[in-house]
Amino acid sequence: MNFPELHGWDLSATEAVALQRELAQRVDLTPRLGDCRILAGADISYNKFSTTLYATIVVIAWPSGDVLETQDVVAEQTFPYIPGLLSFRELPPFLTAFRRLQTVPDVVICDGQGIAHPRRFGVAAHLGMWLGIPTIGCGKSRLCGTFTPPDLPRGSTSPLMDHDQRIGTVVRTRTGINPLFVSPGHAVSHEQAVEVVLMASPKYRLPETTRLADHRVNLLRQQANAAAAESPAYPDADSSENLLNSDTPEAD
DNA sequence: GCGACAG
DNA sequence: ATCTTGTCGC
């Protein structure tokens with residue numbers, strides 16, 4: 001995919017919040033979503049206490065579910081996780097992966113919120129503004145807003161409200177299972193966002209795109225861990241003590 | 001000041 | 001998000 005640089009990423013948390021307020025003004029949710037035959041999912045994983053991020057994009061055909069393309073990226077974290085500023089941590093590696101993508105998806109389903117965000121600029125809205133294609137926020141939990149739990153049957157919904165404004169929809173994708181938090185990211189309506197998420201989640205709680213990306217990104221990380229254990233860049237302290245100290249006199 | 005807080 | 005075994009329920 002090809003897309004222009006929207007802004008730089010060398011920001012403080014304060015600057016990031018200011019940028020969100022600025023960019024949120026330009027969010028355009030005018031529905032421009034046509035056919036949904038090519039869906040994309042994106043996910044990130046990392047080792048606890050590590051700053052290395054593993055990112056994966058999975059593109060699938062629908063309704064066949066066939067995987068059309070995947071892209072993996074390993075990158076160092078450039079921004080920490082701060083609630084409300086998730087996109088500044090996750091978008092840099094995602095954008096690298098999307099640049100390498102040969103297939104242009106009809107819609108991207110993101111892990112996290114779209115406009116259901118304190119400044120109406122969650123990760124899906126931010127990604128959509130960069131890519132210029134329809135995106136949907138589909139979080140497993142709530143960032144902000146109030147709601148009444150939807151009825152138990154799959155397909156039941158309940159509006160996610162921030163005071164008097166609707167910012168998303170709480171959607172039950174499996175009967176009796178915890179609902180998802182769905183909101184428009186870019187170029188989609190509330191209704192379309194819900195429709196797409198329900199379509200992409202026929203059997204499990206999470207959309208197939210999210211499940212596939214989640215599975216693959218964890219394989220990527222675990223394989224990297226195994227490779228690192230097999231041929232470490234630097235031997236661990238215990239096994240290297242003798243080698244490292246062989247020409248170093250002991251202290252008195 | 002206190003509680004909440006996507007991944 | 002990650003760590004982590006078994007277990008309760010449809």
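The basis for the numbers below is simple: all heavy atoms, side chains too, and nothing from hydrogens, waters or symmetry mates. To find a chain, count down the sequence lines: A is the first, B the second, and so on, and within it residues start at 1.
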Give Arg174(A) one of three labels, base, sugar-phosphate or nothing, depending on what nucleic acid heavy atoms sit under 4.0 Å from its own. nothing
Side chains of Thr52(A) and Gln77(A): do they bring a donor and an acceptor to under 3.5 Å? no
So, is Asn218(A) close to the dA1(C) phosphate, meaning a side-chain N or O under 4.0 Å from OP1 or OP2? no
Look at the rings of Trp9(A) and Phe88(A) and say which category their plane angle falls in: under 30° parallel, 30 to 60° tilted, over 60° perpendicular. perpendicular
At less than 4.0 Å, is any side-chain N or O atom of Arg89(A) found next to OP1 or OP2 of dA6(B)? Yes or no. no
Without decimals, in angstroms, what is the distance between Arg119(A) CZ and dA4(B) C1'? 14 Å
At under 4.0 Å, does any side-chain N or O of Lys140(A) touch on OP1 or OP2 of dG7(B)? yes
Could you write out DNA chain B as a dot-bracket string, with dots for unpaired bases, | for bases paired across to another strand, and Watson-Crick or G-U pairs counted at under 3.5 Å? .......
Please work out if Gly139(A) contacts a base, only the sugar-phosphate, or nothing of the nucleic acid, heavy-atom cut-off 4.0 Å. sugar-phosphate
Kindly say whether Met1(A) contributes a backbone atom to a donor-acceptor pair with the side chain of Arg99(A) at under 3.5 angstrom? no
Length of the line joining Phe88(A):CZ and dC5(B):P, which is rounded to integer Å: 21 Å
Just checking Gly84(A): base, sugar-phosphate only, or nothing, at a heavy-atom cut-off of under 4.0 Å? base
Checking side-chain hydrogen bond (donor to acceptor under 3.5 Å, both in side chains) against Asp72(A), which of Arg216(A), Arg221(A), Arg100(A), Gln223(A) comes through? Arg216(A)
From CD of Gln20(A) across to C1' of dC5(B) the rounded distance in Å is 14 Å
What closest approach, in Å, do Arg120(A) and Ala24(A) show between heavy atoms, and which atom pair accounts for it? O-CB, 4.3 Å
Distance to the ring centre below 6.0 angstrom and angle to the axis at most 45 degrees; does that hold for Arg211(A) and Tyr204(A)? yes
Would you list the atom pairs, donor with acceptor, under 3.5 Å between side chains in residues 194-201 of chain A and any protein atom, with sequence neighbours excluded?
unit_1	atom_1	unit_2	atom_2	d
Ser201(A)	OG	Val197(A)	O	2.7

Stem finding on DNA chain C, please: runs of three or more consecutive Watson-Crick or G-U wobble pairs, both distances under 3.5 Å, sorted by first number. none
Give me the atom names and distance for the closest heavy-atom approach of Asp111(A) to Val123(A). O-CG1, 3.6 Å
Nearest-neighbour nucleotide for the Lys48(A) side chain, dG7(B), dC5(B), dT2(C) considered: dT2(C)
Tell me what Leu180(A) touches on the nucleic acid: a base, only sugar-phosphate, or nothing, going by heavy atoms under 4.0 Å. nothing
What integer distance in Å separates Gln77(A):CD from dA1(C):P? 15 Å
Contact summary for Gln20(A) and Arg119(A), nearest pair of heavy atoms: OE1-NE, 2.6 Å
Atom-to-atom span, NE2 of His126(A) to P of dA6(B) - whole angstrom: 19 Å
Side chain of Ser45(A) only, heavy atoms from C-beta on: which candidate in dA6(B), dG7(B), dT2(C) is closest? dT2(C)
Within the modelled atom types, does a donor on one side and an acceptor on the other bring the side chain of Tyr46(A) and the base of dA1(C) under 3.5 Å apart? yes
Protein-nucleotide distance (Arg205(A), atom CZ; dC10(C), atom P), rounded to Å: 19 Å
dG7(B) base stacked by Tyr81(A)? Criteria: ring centres under 5.5 Å, plane angle under 30°. yes
Please tell me which of the listed nucleotides, dC3(C), dG7(B), dA6(B), lies nearest to the side chain of Pro83(A)? dA6(B)
Grab the two heavy atoms, one from Pro92(A) and one from Arg89(A), that are nearest each other, plus how far apart they are. CD-O, 3.9 Å
Distance check needed: dA6(B) C1' versus Arg120(A) CZ, whole Å only. 14 Å
Checking the side chain of Ser158(A) only, and the main-chain atoms of Pro150(A) only, is there a donor and an acceptor separated by less than 3.5 Å? no
Phosphate OP1/OP2 of dC5(B) contacted by Arg142(A) side-chain N/O (<4.0 Å): yes
Length of the CG-C1' vector between Asp214(A) and dT2(C), whole Å: 12 Å
